[in-house]
Amino acid sequence: MALSHSLGSLQKKVIDISYQAGREIIKIYTDYSDFEIESKSDNSPLTIADKKSNEIICQELKRINQDIPILSEEEKEVDYSIRKDWSTFWLVDPLDGTKEFIKRNGEFTTNIALIENGSPAMGVVYAPCLDTIWAGNKETGSIKVESGK
């Protein structure tokens with residue numbers, strides 16, 4: 001699955017997606033004094049922030065290229081017999097650190113990576129409480145963006 005974007009321009013789009021998801025997470029983090037906590041099949045917690053950020057990320061990644069499959073912690077599990085043949089896919093954890101989110105200690109991130117032929121080609125990690133992004137790709141290297149700079 002060839003991408004029509006260079007990794008640099010694609011990374012900018014994924015950074016924007018991370019910001020969108022992070023803004024939704026922070027909105028829930030600050031506006032809700034209480035929210036429902038569900039348990040996933042592995043007994044790890046799941047909140048509305050996990051669901052909303054996943055919805056934003058998956059919707060926006062599909063706008064970039066709907067032919068690239070998404071493997072997300074919050075989506076329906078894709079059997080290995082299917083995903084083993086994926087040469088390119090998005091690997092997503094829309095709210096890494098749900099327990100920390102629940103504890104309200106600020107130590108959580110959104111994580112989005114593009115995997116090509118079994119290796120990361122590009123990745124973005126956003127810490128919403130720090131307003132800090134770490135991003136990198138195999139074409140241009142890595143960057144750190146704090147408060148938009």
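- In this structure, the separation between CD1 on Ile28 and CZ on Arg23 is 13.5 Å, given to the nearest 0.5 Å.
- Within 6.0 Å of atom NZ in Lys40, more than 12 heavy atoms from other residues, nucleotides or ligands are found, so the atom counts as buried in its surroundings.
- Leu130 and Val145 are not part of a single hydrophobic cluster, where members link through side-chain heavy atoms under 4.5 Å apart.
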Checking Ser18 against Ile133 for the side chain to side chain contact (heavy atoms under 4.5 Å, CB included) test, could you report, in this order, the C-alpha distance in whole Å, the side-chain angles of both residues, the deciding distance, and whether it holds?
CA-CA 8 Å; Ser18 295; Ile133 287 249; 4.0 Å; yes

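- Judged by the 6.0 Å and 45° rule, Arg104 forms a cation-pi pair with Tyr29.
- Side chains of Cys129 and Ile26 form a contact here, defined as non-hydrogen atoms less than 4.5 Å apart.
- Taken together through direct or relayed side-chain contacts under 4.5 Å among Ile, Leu, Val, Met, Phe, Trp and Tyr, Ile143 and Val124 form part of one hydrophobic cluster.
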Determine, step by step, whether Arg63 and Gln59 satisfy the side chain to side chain contact (heavy atoms under 4.5 Å, CB included) criterion, reporting the C-alpha distance in whole Å, the side-chain angles of both residues, the deciding distance to 0.1 Å, and the verdict.
CA-CA 7 Å; Arg63 283 187 185 174; Gln59 175 183 317; 3.2 Å; yes

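- The main-chain N or O of Asp50 is found under 3.5 Å from a side-chain atom of Ser53 such that the two form a donor-acceptor pair.
- Here the CH2-CD1 distance, from Trp86 to Ile68, works out to 11.5 Å after rounding to the nearest 0.5 Å.
- Hydrophobic cluster membership is shared by Ile70 and Leu10, with clusters built from Ile, Leu, Val, Met, Phe, Trp and Tyr side chains linked at under 4.5 angstrom.
- Contact between Thr132 and Tyr126 at its shortest, heavy atoms only, is O-CD1, 3.2 Å.
- The CD atom of Glu75 sits 4.0 Å away from the SG atom of Cys58 when rounded to the nearest 0.5 Å.
- Interatomic distance, NZ of Lys103 versus OG1 of Thr98, reported as 12.0 Å (0.5 Å rounding).
- A side-chain N or O of Ser72 and one of Asn54 form a donor-acceptor pair less than 3.5 Å apart.
- Residues Ile112 and Ile64 share a hydrophobic cluster, clusters being chains of Ile/Leu/Val/Met/Phe/Trp/Tyr side chains in contact below 4.5 Å.
- Taking both residues in full, the closest heavy atoms of Asn105 and Glu107 are given as OD1-N, 2.9 Å, listed atom of the first, atom of the second, then distance.
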Run the numbers on Leu114 and Thr88 for side chain to side chain contact (heavy atoms under 4.5 Å, CB included), then give the verdict.
CA-CA 7 Å; Leu114 179 66; Thr88 302; 3.7 Å; yes

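- When the side chains of ILVMFWY residues are joined at heavy-atom separations under 4.5 Å, either directly or via intervening members, Trp90 and Ile82 end up in two distinct hydrophobic clusters.
- Between Lys62 and Glu60 there is no salt bridge, since none of the side-chain N atoms of the basic residue sits less than 4.0 Å from a carboxylate O of the acidic one.
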Verdict with reasoning, Thr110 to Leu95, per side chain to side chain contact (heavy atoms under 4.5 Å, CB included):
CA-CA 5 Å; Thr110 63; Leu95 178 53; 5.7 Å; no

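- If you take CD on Glu73 and CG on Leu91, they are separated by 9.5 Å, rounding to the nearest 0.5 Å.
- Minimum interatomic distance between Ala21 and Ile56 (heavy atoms only, all atoms of both residues): N-CG2, 4.0 Å.
- Distance OG1/Thr140 to CE/Met122: 10.0 Å, rounded to 0.5 Å.
- At distances below 3.5 Å, not a single donor-acceptor pair connects side-chain atoms of Thr109 with backbone N or O atoms of Asn111.
- Using a 4.0 Å cut-off between charged side-chain N and carboxylate O, Lys51 and Glu24 make no salt bridge.
- The two residues Glu100 and Phe108 come nearest to each other via the heavy atoms C-CD2, 4.4 Å.
- Nearest approach of Val78 to Arg83, heavy atoms of both residues: O-NE, 2.8 Å.
- Residues Pro94 and Glu74 share a closest heavy-atom pair of CG-CG, 3.4 Å.
- Remark: the backbone N or O of Asp79 is not paired with any side-chain donor or acceptor of Ser81 at under 3.5 angstrom.
- No donor-acceptor pair under 3.5 Å is formed between the side chain of Ser142 and the backbone N or O of Ala135.
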